[in-house]
Structure formats: structure tokens, C-alpha cells
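Naming convention: chains lettered A, B, ... in sequence-line order (proteins, then strands); numbering from 1 in each chain.
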2 protein chains.
Amino acid sequence: MPIEMRPSQSLRLWQQVMLAEVRDDFYDLTTRQMAILLTIYLDPPPHTVRALAEKLNVSKAVITRALDTMGAMKLVSRHRDEKDKRNVLIRRTVEGALYVERIGDVIIDKASELPI
Amino acid sequence: MPIEMRPSQSLRLWQQVMLAEVRDDFYDLTTRQMAILLTIYLDPPPHTVRALAEKLNVSKAVITRALDTMGAMKLVSRHRDEKDKRNVLIRRTVEGALYVERIGDVIIDKASELPI
DNA sequence: TCAATTCGTTTCGGTTCCGTTTCCAACGCG
DNA sequence: CGCGTTGGAAACGGAACCGAAACGAATTGA
């Protein structure tokens, strides 16, 4: 069964998750960074800079910088593609997996508390 | 009935909404700005800088700056409280209401498309 | 009345992000 | 081999944001 929500519920859910994120500010990711992170963790690998840039409709430089930031946070890691050494493959990390998992927990938690 | 989701569904929903936001970049709001905007539109007025700052657990300066930005985008408006002229009351705008409504539409849309 | 408090804004110095352009190593094809 | 193409990073100047602190105006209350 597909998830069904009324407009007021969807917005309230969004607000509650955003508030949780701001209040406990685990990592202060931008919307773009969050979209990149989730794509890396949810879509099947391999992930390259170029492919991510196309999927998000942004420039490659945006992806490179986001990977710099999230790499420093240890949320993702970069590795040269040995098959084609021009490519960089982006991989998940244990820390990143935990972070993403926690986001999912927050969403489910807030969804379950939603007024009917 | 409360909304129920499995972890994979919740994360996929989050990703899809983030991707929609990034790709069509309507307004490029930060997580904080989005939390503030939704609170103004979903929680009952009146909204003051101080109350918003407490609700989000951030400094008043953060709220002031976010209101500057979103005010320039015409998503919210500021008015002096005539009862107590130290206060600033933050109000909704037509443009902001449309924007918030659209976010709700995206969430519902993406939720309905979620794999079972 | 006048000092203390409250509210929101502004300023400071610093960091991070942005878009664009330029660069370089690796590839692939003639 | 040489040369155009590709993938990603680096460089550039500009814009936005940050926390902390200082600031004025409005209010309170002794």
C-alpha cells in the first residue's frame, strides 16, 4: 500500500524533521549536500562525480565541493577507479551509514506522532 | 490512522523530495530557513524573533538574518507590534503560502510514488 | 524618574558556499 | 605516436552564513 498523507500532515512531518535536524544539529548539511548523501546511500553504485552532477542537475564543481565537505566529515569516501583512472568512485562509510540511518529513524518517529 | 513507513521508504521519500527541491531549485533555502518558514506557516501566530529562536534552539541573530533573506524573497513579512514596540511580529505572505503549499504537494506526490 | 531589563538588529572577523573558468591527468582513436 | 576529448579538481572573486558581542529603542519597576 502506498503511503497516503493529507497536505497538513505532509507539511507537519516536514517541519518536525527539519526542526529535529536544526535543534540537535548533528551535521549542518545544506539541501544539496543532503540530496547527494542520500543518493549515494540509496541508489545503486558506482557513483561518479559526473553522474551525480547530472542526476541533481548541478555542475560538477558543486559535487566536488560537497564531497570535500562530507569527506572531511567522514560521511563518504573517494577512490580512484582503477579501470579508468580519470574517474573517482564515491563510496559509503560506516559513519555515513549510521548518519543516514538516524535520519530515517527521525522521519519514522515524527511520522508516527503525526496528528490524524 | 497514523502514518506508517518502513526505514527504506522514509529515506527514499526524503531523497526524492530533496532531489525535487535541488533540481527545480525554486528557492535555495537552508535547513534552518526551511524550519523557520514552516514553523511560521504551521504553528499558530503570533511569531516573534525571540519565540522562534527558542523553538529552534538558535540565537536571535540567526532568526533576524533568516528573516532578512526570506523577506527579500517575499516569503514572510515583518511588522512592529503596536502593543509593545520592542516586538517584531512575523507574518505570512501570499507568495510564501504558495511556496509552502507547493512543498506539501511535492511530499504527497513523492510519497504516493514510493515503492511498496 | 531613572536604572535595569528586554527585544531585535547590527557589527565584527572569519568560514563556507556559490558559479565560472581554467587546469591537468587519463583515455581513445586515427 | 599525437591530438582531441573526458573526468575531476583547483583557482577566482563574490555572496551568504556563522557565533559572539555590542548596540539602540522600548518597557518595567523601584
Undergrad: So which of residues 60-69 of chain B are in contact with DNA chain C, with a heavy-atom cut-off of under 4.0 Å?
TA: Lys60(B), Ala61(B), Thr64(B), Arg65(B)
Undergrad: Quick check: on DNA chain C, is the nucleotide nearest Thr30(A) upstream (toward 5') of the one nearest Ser59(A), or the reverse? Name the residue that is more 5'.
TA: Thr30(A)
Undergrad: Only pairs under 3.5 Å count here: list side-chain donor-acceptor contacts from residues 70-79 of chain A, not counting sequence neighbours, and write none if there are none.
TA:
from     : atom 1 : to       : atom 2 : distance (Å)
Ser77(A) : OG     : His79(A) : NE2    : 2.8
Arg78(A) : NH2    : Asp68(A) : OD1    : 2.2
His79(A) : ND1    : Arg91(A) : NH2    : 3.4
His79(A) : NE2    : Arg91(A) : NH2    : 3.4

Undergrad: For the pair Gln9(A) (side chain) and Leu114(A) (backbone), establish whether a donor and an acceptor sit closer than 3.5 Å, ignoring hydrogens and angles.
TA: no
Undergrad: Ignoring backbone atoms, test whether Asn87(A) places a side-chain nitrogen or oxygen under 4.0 Å from the OP1 or OP2 oxygen of dG8(D).
TA: yes
Undergrad: Is there a path of hydrophobic side-chain contacts, each under 4.5 Å between heavy atoms, that joins Leu56(B) and Val88(B)?
TA: no
Undergrad: Report the distance from atom CE of Met70(A) to atom C1' of dT16(C), rounded to the nearest whole Å.
TA: 14 Å
Undergrad: Excluding sequence neighbours, so at least two apart, what forms ring-ring contact (aromatic ring centres under 6.0 Å, His included) with Tyr41(A)?
TA: none
Undergrad: Is there a chain of hydrophobic side chains (I, L, V, M, F, W, Y, each step under 4.5 Å between heavy atoms) that links Leu89(B) to Leu52(B)?
TA: no
Undergrad: Quick one: is Arg80(A) getting a side-chain N or O under 4.0 Å of the dG8(D) phosphate, OP1 or OP2?
TA: no
Undergrad: Val94(A): which other cluster members, linking ILVMFWY side chains closer than 4.5 Å, directly or transitively?
TA: Leu98(A)
Undergrad: If the sugar-phosphate is the primed atoms plus P, OP1 and OP2 and the base is the rest, what is the B/S/- string for nucleotides 22-30 of chain D, using protein heavy atoms under 4.0 Å?
TA: ----BS---
Undergrad: Would you please say whether a donor-acceptor pair under 3.5 Å links the side chains of Arg32(A) and Thr30(A)?
TA: no
Undergrad: Can you tell me the distance, in whole Å, between the CZ atom of Arg32(B) and the C1' atom of dA16(D)?
TA: 13 Å
Undergrad: Expressed in angstrom and rounded to an integer, what is the separation of Leu29(B) atom CG from dC18(C) atom P?
TA: 14 Å
Undergrad: Hey, which of Ile36(A), Ile63(A), Ile40(A) is the one that makes side chain to side chain contact (heavy atoms under 4.5 Å, CB included) with His47(A)?
TA: Ile40(A)
Undergrad: In residues 33-58 of chain B, what residues come within less than 4.0 Å of DNA chain D, judged by heavy atoms?
TA: Gln33(B)
Undergrad: Below 4.0 angstrom, N of the basic side chain to O of the carboxylate: do Arg86(A) and Asp81(A) qualify?
TA: no
Undergrad: Are the charged groups of Asp43(B) and Arg12(A) less than 4.0 angstrom apart, N to O?
TA: yes
Undergrad: Hey, does Leu37(B) have a side-chain heavy atom less than 4.5 Å from the side chain of Gln33(B)?
TA: no
